[in-house]
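In each ligand, atom 1 is the first atom listed, and ligand 1 is the first ligand listed. Residue numbers run from 1 in the order of the sequence given. For clarity, every value in this text was computed on a predicted model and none was experimentally measured.
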Amino acid sequence: MMKATIKDLDLKGKTVLVRADFNVPLEDGKITNDKRITAALPTIKYIINAGGKVVLFSHLGRVKTEEDLETLSLLPVGNRLSEKLDQDVYFVNTTKGEELESAIEDLKNREVLLVENTRFEDLDGKKESKNDEALGKYWASLGDVFVNDAFGTAHRSHASNVGISEHLPAVSGFLIEKEIDFLGEAVLNPKRPLVAILGGAKVSDKITVIESLLEKADKILIGGGMANTFLRAQGYDTGKSLVEEDKLDLAKSLLEKGKDKLVLPVDVVAAKEFSNDSEHAVRDASEIEADEMALDVGPKTVELFEEVLKDAKTVVWNGPMGVFEMSNFAQGTIKVCESLAKLEDAITIIGGGDSATAAEQLGFEEDFTHISTGGGASLEFLEGKELPGIKALNDK
Ligand code: ADP
Ligand code: MG
């Protein structure tokens, strides 16, 4: 899957439309984490240095009501980006029309302009999110070439990624290129052993990932809420734990197919309530009581996982090992992070929104080779699906 990249284009004097992922978390109009802005800088700087004019598009949140037009403006992103680039970023508070068109026309080489939240178009019949043909064509008419660098939305077919791509020379930016390199290499051409760690809330969210990784990985460690469905499928009582009854047969067949490739928890941290204040105790997987729920993997499981991980050369991790948001149930996730941090000669990759948050919040951000910027997109990539935002780009 060789896609053309920004390096394949001559950008001098060109109006370069860039789809970035500036979908940053906001609290009271303030950006609480600007990692995504930082992640977009290499592509933006490259265009500036090559003498192009940069026109940036991004969505921010979900736009459903008139009030969202107030709270979901990209203006704070424009300001933060301007600080990081140390140059002006012109912000146009609309997604189409004369004001936007003349601002782009007035743009000089090496200048940067940010267009308002592309999802403002969703108030009018979901034009952005439903990839309205005319909208993609209109946005494409504003520039000479298109660079898609929004990995986080690459699994969606929207006007601002797929739509624009259809009408202009379209290539990937550095961030998308990096994501494809790391995730692609890890599942298609890994240094072995390849160990996958799967967790998170539900089996049903991850069926295709498990199936796809069963074929590719040497071992799959299963933790988190989804482990309970497997434990139940093995015949254990799991009390009040999160179990998907309708997925028991599927879990059984995955267990048969995977055999000793699948490694399940042998003990858990069980609590009476879904609360950090709840009474809790370590129990063997076979001894969860009727009024308890498993909210984390236990210490013996951690040892078992460590034993497998110590020889790994590639590790792909999707889904926390427990309810890491509550400190009493975060140990499993912390310990797995620690064993990954210890690996000296392995490629360690996190693909998954909450897993990435967990690694960052628990202080392990620097210990991974790559933390994907796209939760849903990386999940679909690991499932082996072709992402529409990437598919729409020109081949090399
Ligand atoms: P990701 O975004 O990394 O793909 P998921 O969205 O699948 O991960 O799952 C993350 C959520 O799973 C977290 O909010 C975490 O609290 C929850 N979770 C983990 N283990 C359990 C468990 N044993 N019971 C209930 N919820 C759990
Ligand atoms: Mg999630």
Side-chain angles (χ1 to χ4, degrees), residues 23 25 151-152 155 179 183 196-210 212-213 220-233 236-245 247 251 264-276 278 280-283 285 288-289 291-299 301-302 305 315-337 340 348-362 364-365 368 370-383 385:
N23 188 27
F151 184 72
H155 60 314
E179 294 275 5
L183 295 170
I197 309 174
L198 294 176
K202 296 198 214 143
V203 177
S204 51
D205 291 338
K206 313 251 163 113
I207 297 168
T208 342
V209 185
I210 304 173
S212 152
L213 289 175
I220 302 183
L221 313 179
I222 297 202
M226 72 150 80
N228 299 316
T229 302
F230 283 97
L231 291 178
R232 180 73 145 265
Y236 294 128
D237 287 327
T238 46
K240 292 195 292 178
S241 303
L242 176 73
V243 167
E244 290 169 278
E245 299 288 342
K247 293 290 174 286
L264 289 173
V266 290
D267 62 349
V268 301
V269 181
K272 303 242 190 250
E273 308 295 334
F274 191 80
S275 153
N276 199 40
S278 168
H280 57 277
V282 173
R283 303 251 185 257
I288 302 170
E289 293 181 7
D291 62 344
E292 290 179 334
M293 57 185 92
L295 295 184
D296 196 7
V297 295
T301 307
V302 165
F305 286 3
V315 181
V316 178
W317 180 20
N318 178 288
M321 295 293 95
V323 184
F324 74 93
E325 298 92 336
M326 302 180 192
S327 59
N328 287 330
F329 312 108
Q331 275 308 313
T333 306
I334 293 176
K335 293 287 193 238
V336 165
C337 282
L340 294 179
T348 51
I349 295 173
I350 299 186
D354 291 294
S355 333
T357 308
E360 283 156 23
Q361 279 179 4
L362 301 170
F364 293 93
E365 192 172 0
F368 289 87
H370 179 65
I371 300 184
S372 175
T373 53
S378 59
L379 197 62
E380 292 198 15
F381 197 99
L382 295 177
E383 287 172 7
K385 288 187 186 151

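Considering only residues two or more places apart in sequence or on other chains, Glu289 meets the salt bridge (charged side-chain N to carboxylate O under 4.0 Å, His left out) condition with Arg283. For the salt bridge (charged side-chain N to carboxylate O under 4.0 Å, His left out) test, residues two or more places apart in sequence or in another chain that qualify with Glu360 are Lys35. The salt bridge (charged side-chain N to carboxylate O under 4.0 Å, His left out) test applied to Glu380 returns no partner, not counting sequence neighbours.
For the Mg ion (ligand 2), the nearby protein N/O/S atoms, meaning those under 2.8 Å, are Asp354 OD2.
Considering Ala201, Gly199, Ala227 only, the shortest heavy-atom separation from atom 11 (C) of ligand 1 involves Ala201. Between atom 19 (C) of ligand 1 and the options Gly223, Gly322, Gly332, the minimum heavy-atom separation is to Gly322.
With respect to the salt-bridge test (charged N to carboxylate O, under 4.0 angstrom), the residues Arg232 and Glu244 do not qualify.
At the shortest separation from atom 15 (C) of ligand 1 among protein heavy atoms lies Glu325 OE1, 3.6 Å. The protein non-hydrogen atom at the shortest distance from atom 27 (C) of ligand 1 is Val323 CG2, 3.6 Å. Protein heavy atom at the shortest distance from atom 21 (C) of ligand 1 is Gly225 N, 3.2 Å.
The closest donor-acceptor contact from the side chain of Asn328 to the backbone of Asn276 lies under 3.5 Å. A donor-acceptor pair under 3.5 Å links the side-chain atoms of Ser241 to the main chain of Ala294, judged by distance alone.
In the model, Ser378 has no side-chain atom that pairs as donor or acceptor with a side-chain atom of Glu179 under 3.5 Å. Remark: the Thr301 side chain and the Asp267 side chain contain an N/O donor-acceptor pair separated by less than 3.5 Å.
Annotation for ligand 1: atoms under 4.0 Å from non-hydrogen atoms of Gly319 are 3 (O), 8 (O). Of all atoms in ligand 1, numbered sequentially from 1 with element shown, those under 4.0 Å from a heavy atom of Ala294 are 22 (C), 23 (N), 24 (N). When each atom of ligand 1 is checked for a heavy atom of Asp354 under 4.0 Å away, the hits are 1 (P), 2 (O), 3 (O), 5 (P), 6 (O), 8 (O), 10 (C). Interface of Pro320 with ligand 1, defined as ligand atoms under 4.0 Å from a residue heavy atom, comprises 3 (O), 8 (O), 10 (C). Every atom of ligand 1 with a heavy atom of Leu295 under 4.0 Å away is listed here by number and element: 23 (N), 24 (N).
Of all the heavy atoms of Met293, none lies under 4.0 Å from any atom of ligand 1, so neither backbone nor side chain is involved. Under 4.0 angstrom from ligand 1, the non-hydrogen atoms of Lys206 all belong to its side chain.
When all heavy atoms of Lys206 and Gly200 are compared, the closest pair comes out as NZ-CA, 4.3 Å. The shortest non-hydrogen separation linking Phe368 to Ala359 is CE1-CB, 3.9 Å. Between Asp296 and Gly322 the shortest heavy-atom distance is OD1-CA, 3.6 Å.
Under the 4.0 angstrom criterion for non-hydrogen atoms, Met326 is not in contact with ligand 1.
Around atom CG of Asp237, no more than 12 heavy atoms belonging to other residues, nucleotides or ligands sit under 6.0 Å away. Sparse packing is recorded around NZ of Lys202, with 12 or fewer heavy atoms of other residues, nucleotides or ligands lying under 6.0 Å away.
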(request) Determine, step by step, whether Glu292 and His280 satisfy the side-chain hydrogen bond (donor to acceptor under 3.5 Å, both in side chains) criterion, reporting the C-alpha distance in whole Å, the side-chain angles of both residues, the deciding distance to 0.1 Å, and the verdict. (result) CA-CA 8 Å; Glu292 290 179 334; His280 57 277; over 6 Å; no
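The distance criterion of under 3.5 Å between nitrogen or oxygen atoms is not met by Asp296 with respect to ligand 1. For a threshold of 3.5 Å applied to N or O pairs, the pair formed by Ser355 and ligand 1 contains at least one separation below that value. The shortest N or O to N or O distance between Leu242 and ligand 1 is not below 3.5 Å.
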